[in-house]
Asker: 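Sharing a structure below in structure tokens format, with a few things to ask.
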Number of protein chains: 2
Amino acid sequence: MKAGFPFLKEVFNSINTLPEVCSVELRNLAIEHEYAKFDYFAEAGEQVYSIGFVTEGLFRAFYRSSGGDEYNKTFFMPGSFIAPLTALVRGKQNQINLQALIPSRLLIFPYDQFTRLYDRYPELERLVRIVIQQEWAKKEEREIALVTQTARSRYETFLADHPGLEEEIPQYHIASYLGVTPIHLSRIRAEMAGR
Amino acid sequence: MKAGFPFLKEVFNSINTLPEVCSVELRNLAIEHEYAKFDYFAEAGEQVYSIGFVTEGLFRAFYRSSGGDEYNKTFFMPGSFIAPLTALVRGKQNQINLQALIPSRLLIFPYDQFTRLYDRYPELERLVRIVIQQEWAKKEEREIALVTQTARSRYETFLADHPGLEEEIPQYHIASYLGVTPIHLSRIRAEMAGR
DNA sequence: CGGGCTCATTAACATGGGTTAAGAGGGCTC
DNA sequence: GAGCCCTCTTAACCCATGTTAATGAGCCCG
């Protein structure tokens with residue numbers, strides 16, 4: 001039961017130390033859930049109420065355009081928060097799909113109960129603020145890369161940032177993350193190998 | 001003296017109500033500074049120590065590539081926080097230029113003293129968390145738009161999101177924000193007018 | 001072992017947007 | 001009013017990347 005919780009506690013404490021009572025409340029709030037390959041934690045079109053913490057496996061966040069094309073925004077490795085944040089924050093219908101790419105496990109928290117803990121544990125709110133700040137900084141880097149770098153150098157950055165991930169998932173997921181077609185990624189790979 | 005402070009207080013209270021003592025401390029911490037057109041609040045290459053709040057005018061955040069090309073990330077209207085957040089959070093050298101596009105005014109806070117207030121005023125930390133969450137959501141939308149939409153529809157979105165701004169700044173700033181050359185923006189405009 | 005899958009590669013062609021260059025219009029200053 | 005600078009536009013050409021289509025490799029399953 002809640003086998004992933006010690007891992008969560010370890011990750012949280014490395015960001016901002018929480019009082020023991022707060023950890024206990026978090027543990028009581030969490031449910032642990034297992035995801036098979038291709039299962040969804042959240043889907044576009046739904047109302048959403050939860051945030052998750054990845055304890056095992058791998059997820060992706062992707063956006064599906066009206067034409068049906070998919071664009072991968074982020075990969076989530078163990079130790080990350082995973083949440084349809086925009087929908088939760090704005091109370092709007094979710095636009096972002098969160099899907100397991102391999103068999104995975106999450107600790108899941110009801111968002112309203114989680115945020116209600118902020119009132120009693122400012123340490124938790126601080127932890128969340130810090131995590132979101134870091135995510136904001138990552139997004140800034142990615143935004144700049146998308147506009148100023150070529151697809152090839154974004155691929156090189158991806159390889160450096162996600163060691164080993166290339167072997168675990170199909171290349172079209174990586175292409176989608178880079179914002180190019182699988183055909184073009186294939187060309188880039190040919191070009192990199194050829195010289 | 002600190003003419004912009006009532007405006008800051010109004011904006012802050014519309015996000016999360018702060019205790020009066022906290023407002024007083026904030027006011028004591030702030031210095032007000034005037035910026036002429038093209039003055040910088042922060043420049044790439046510096047160490048940075050402050051966050052600002054725009055009370056009048058207009059700023060842009062831009063990234064300058066190694067080749068010297070500029071890419072505009074954000075425009076800051078009155079009522080916004082403005083800060084080189086990535087550099088502040090990571091303690092690294094700043095990469096992002098923050099520049100006034102018209103004569104402007106900021107309320108400026110030393111970042112370390114501002115964040116130290118979080119310990120005594122969780123309400124302030126909550127306010128910051130909420131603001132950053134909203135900014136994160138905006139960045140998500142922008143990221144998706146950059147990858148999935150054509151330059152023309154990004155321009156249409158820009159016009160809807162920034163009413164009136166087009167008349168205030170040169171078009172090359174808008175082009176840069178859209179991630180295209182001024183030449184191409186001109187083509188888009190011709191195409192939109194022609195039909 | 002043969003027939004479908006899925007995924008990656010390759011080629012031919014199409015297109016969005018970059019680059020270079022030239023010119024036009026508006027607003028300065030002297 | 002002449003010259004100058006800054007901004008925007010237009011045109012010609014070029015390249016990165018998308019699209020469509022065909023081929024091949026690996027794999028699963030009956």
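Quick caveat, the model's predicted, so the values are computed rather than measured. Note on naming: letters A, B, ... go to the chains in the order of the sequence lines (proteins, then strands), and numbering restarts at 1 for each one.
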Asker: Could you tell me the separation between the CD1 atom of A:Ile174 and the C1' atom of C:dA8, rounded to a whole number of Å?
Answerer: 12 Å

Asker: Report yes if at least one side-chain N or O of B:Tyr172 is closer than 4.0 Å to OP1 or OP2 of D:dT7; otherwise report no.
Answerer: yes

Asker: Measure from the ring center of B:Phe81 to the ring center of B:Phe12 and say whether it is less than 6.0 Å.
Answerer: yes

Asker: Do the two ring centres, one from B:Phe109 and one from B:Phe53, sit under 6.0 Å apart?
Answerer: no

Asker: Of the nucleotides C:dT10, D:dC8, D:dT17, which one has an atom closest to the side chain of A:Ala190?
Answerer: C:dT10

Asker: Rounded to whole Å, how long is the line connecting atom CD1 of B:Ile188 with atom P of C:dG16?
Answerer: 11 Å

Asker: Using only heavy-atom distances, determine whether the side chains of B:Tyr118 and A:Glu125 contain a donor-acceptor pair under 3.5 Å.
Answerer: no

Asker: Can you measure B:Glu191 atom CD to D:dC8 atom C1' for me and round it to whole angstrom units?
Answerer: 17 Å

Asker: With respect to the side chain of A:Arg189, which nucleotide from C:dT9, D:dT17, C:dG17 is positioned closest?
Answerer: C:dT9

Asker: Would you call the rings of B:Tyr35 and B:Phe41 parallel, tilted or perpendicular, where under 30° means parallel and over 60° means perpendicular?
Answerer: perpendicular

Asker: Centres of the A:His173 and A:Phe75 rings: under 6.0 Å?
Answerer: no

Asker: Check whether any side-chain nitrogen or oxygen of B:Ser186 sits under 4.0 Å from OP1 or OP2 of D:dA11, and answer yes or no.
Answerer: no

Asker: Distance check needed: C:dG18 P versus B:Leu178 CG, whole Å only.
Answerer: 10 Å

Asker: Whole Å only: how far is the NE2 atom of A:His184 from the P atom of C:dA8?
Answerer: 16 Å

Asker: May I have the distance from B:Tyr155 (atom OH) to C:dG16 (atom P), rounded to whole angstrom?
Answerer: 19 Å

Asker: For C:dG16, does the base pair up with any side-chain atom of B:Arg187 as donor and acceptor (N or O, under 3.5 Å, distance only)?
Answerer: no

Asker: Measure from CG on A:Leu185 to P on C:dA8 and round the result to the nearest Å.
Answerer: 9 Å

Asker: Applying a 4.0 Å non-hydrogen cut-off, can you work out what B:Ile183 is touching in the nucleic acid: base, sugar-phosphate, or nothing?
Answerer: base

Asker: Between D:dT9, C:dC7, D:dT17, which one does the side chain of B:Gln171 approach most closely?
Answerer: D:dT9

Asker: When you check the phosphate oxygens OP1 and OP2 of D:dT17, does a side-chain N or O of A:Thr181 lie under 4.0 Å from one of them?
Answerer: no

